[in-house]
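The basis for the numbers below is simple: all heavy atoms, side chains too, and nothing from hydrogens, waters or symmetry mates.
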Amino acid sequence: MLRRRLLVWMVLVSAPLVSPPAQSADVQVWVQDNDVRIQRVGDRFLVDLEFVAPVPLALAWAVLTDFAHMRDFVPNLTSSEVVERNENLLRVVQKGVARYGPFAARFESTREILLFAPTEIRSHNVGGTVKQMDSVMQLQSEGSGTRLRYRAEVAPGVWFPPLVGPALVRHEVAEQFSAIVREMVRRR
């Protein structure tokens, strides 16, 4: 209890100093932190994001479902492996570190991913350090690009301070999707 109180005190004292890590000038940021809407409900975060990637639907789908190589282009992943494949159902294990200012949290997730090519990806967490995660990614052609709608409900499995938790989740989602769009553009 004393440790938790000390941590809360440290967060309250340092909260004005916590800011997202700076991006280098040569890195294109496709999704800003403030593009990601976060609602905290108890220990869960509801995530809502919608944006347009400047690539055709087929390319957006190819990158979003390239779980075997995702650690090569998503910065917070240290590993990403498809451990089971059965038609349109995948089991994917990913490990990484979520960072925000001085805060860092290691994570591991095992997810069952249901693919409805090429317009929807549904994901359900079945193991790892993440307590709960369910998400839906919908893709729709829009002109020469692809509109992406992402909704998720996440219970991280580790306690985040009230002032830092939503900011960390918002930053991680924005950073991940910016990296994914950079990979889409690179492959174009």
Have a look at Gln138 and tell me which of Arg149, Arg122, Glu50, Glu120 forms a side-chain hydrogen bond (donor to acceptor under 3.5 Å, both in side chains) with it. Glu120

Checking side-chain hydrogen bond (donor to acceptor under 3.5 Å, both in side chains) between Gln94 and each of Arg71, Arg111, Glu108, which is the one that passes?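 One option only clears the test, and that one is Arg111.
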
Measure the [atom1]-[atom2] distance between [X] and [Y] for me, rounded to the nearest 0.5 Å.
X: His171; Y: Gln176; atom1: NE2; atom2: CD; value: 9.5 Å
X: Leu64; Y: Ile121; atom1: CG; atom2: CD1; value: 4.5 Å
X: Glu153; Y: Leu46; atom1: CD; atom2: CG; value: 5.5 Å
X: Leu49; Y: Ser135; atom1: CG; atom2: OG; value: 12.0 Å
X: Trp61; Y: Leu115; atom1: CH2; atom2: CG; value: 4.5 Å
X: Glu87; Y: Leu90; atom1: CD; atom2: CG; value: 11.5 Å

Determine whether [X] and [Y] make a side-chain contact, defined as any pair of heavy atoms from C-beta on separated by less than 4.5 Å.
X: Tyr150; Y: Val36; answer: no
X: Glu172; Y: Val154; answer: no
X: Phe107; Y: Asn76; answer: yes
X: Phe73; Y: Asp66; answer: yes

If you take all heavy atoms of [X] and [Y], which pair is closest and at what distance?
X: Thr146; Y: Pro56; answer: OG1-C, 3.2 Å
X: Pro166; Y: Phe45; answer: N-CE2, 3.6 Å
X: Met184; Y: Ala53; answer: SD-CB, 3.8 Å
X: Val63; Y: Met70; answer: O-CE, 3.8 Å
X: Arg40; Y: Gly165; answer: NH1-CA, 4.2 Å

Hydrophobic cluster identity match, [X] and [Y], side-chain contacts under 4.5 Å:
X: Leu89; Y: Phe116; value: yes
X: Leu57; Y: Val185; value: yes
X: Val181; Y: Leu59; value: yes
X: Val74; Y: Val93; value: no
X: Val173; Y: Leu77; value: yes

Determine yes or no for a side-chain-to-main-chain donor-acceptor pair under 3.5 angstrom, with [X] supplying the side chain and [Y] the backbone.
X: Thr110; Y: Val126; result: no
X: Asn125; Y: Gln132; result: no
X: Ser123; Y: Ile113; result: no

Could you check whether Asp72 and His69, counting side-chain N and O atoms only, form a donor-acceptor pair closer than 3.5 Å?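 No, Asp72 and His69 have no side-chain donor paired with an acceptor closer than 3.5 Å.
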
side-chain contact (heavy atoms from CB on, under 4.5 Å) between Val92 and Ser80, worked out: CA-CA 7 Å; Val92 175; Ser80 182; 4.3 Å; yes

I'd like to know whether CZ of Arg37 has more than 12 heavy-atom contacts from other residues, nucleotides or ligands below 6.0 angstrom. yes

Count the heavy atoms belonging to other residues, nucleotides or ligands that lie under 6.0 Å from CZ of Arg147, then report whether that count exceeds 12. yes

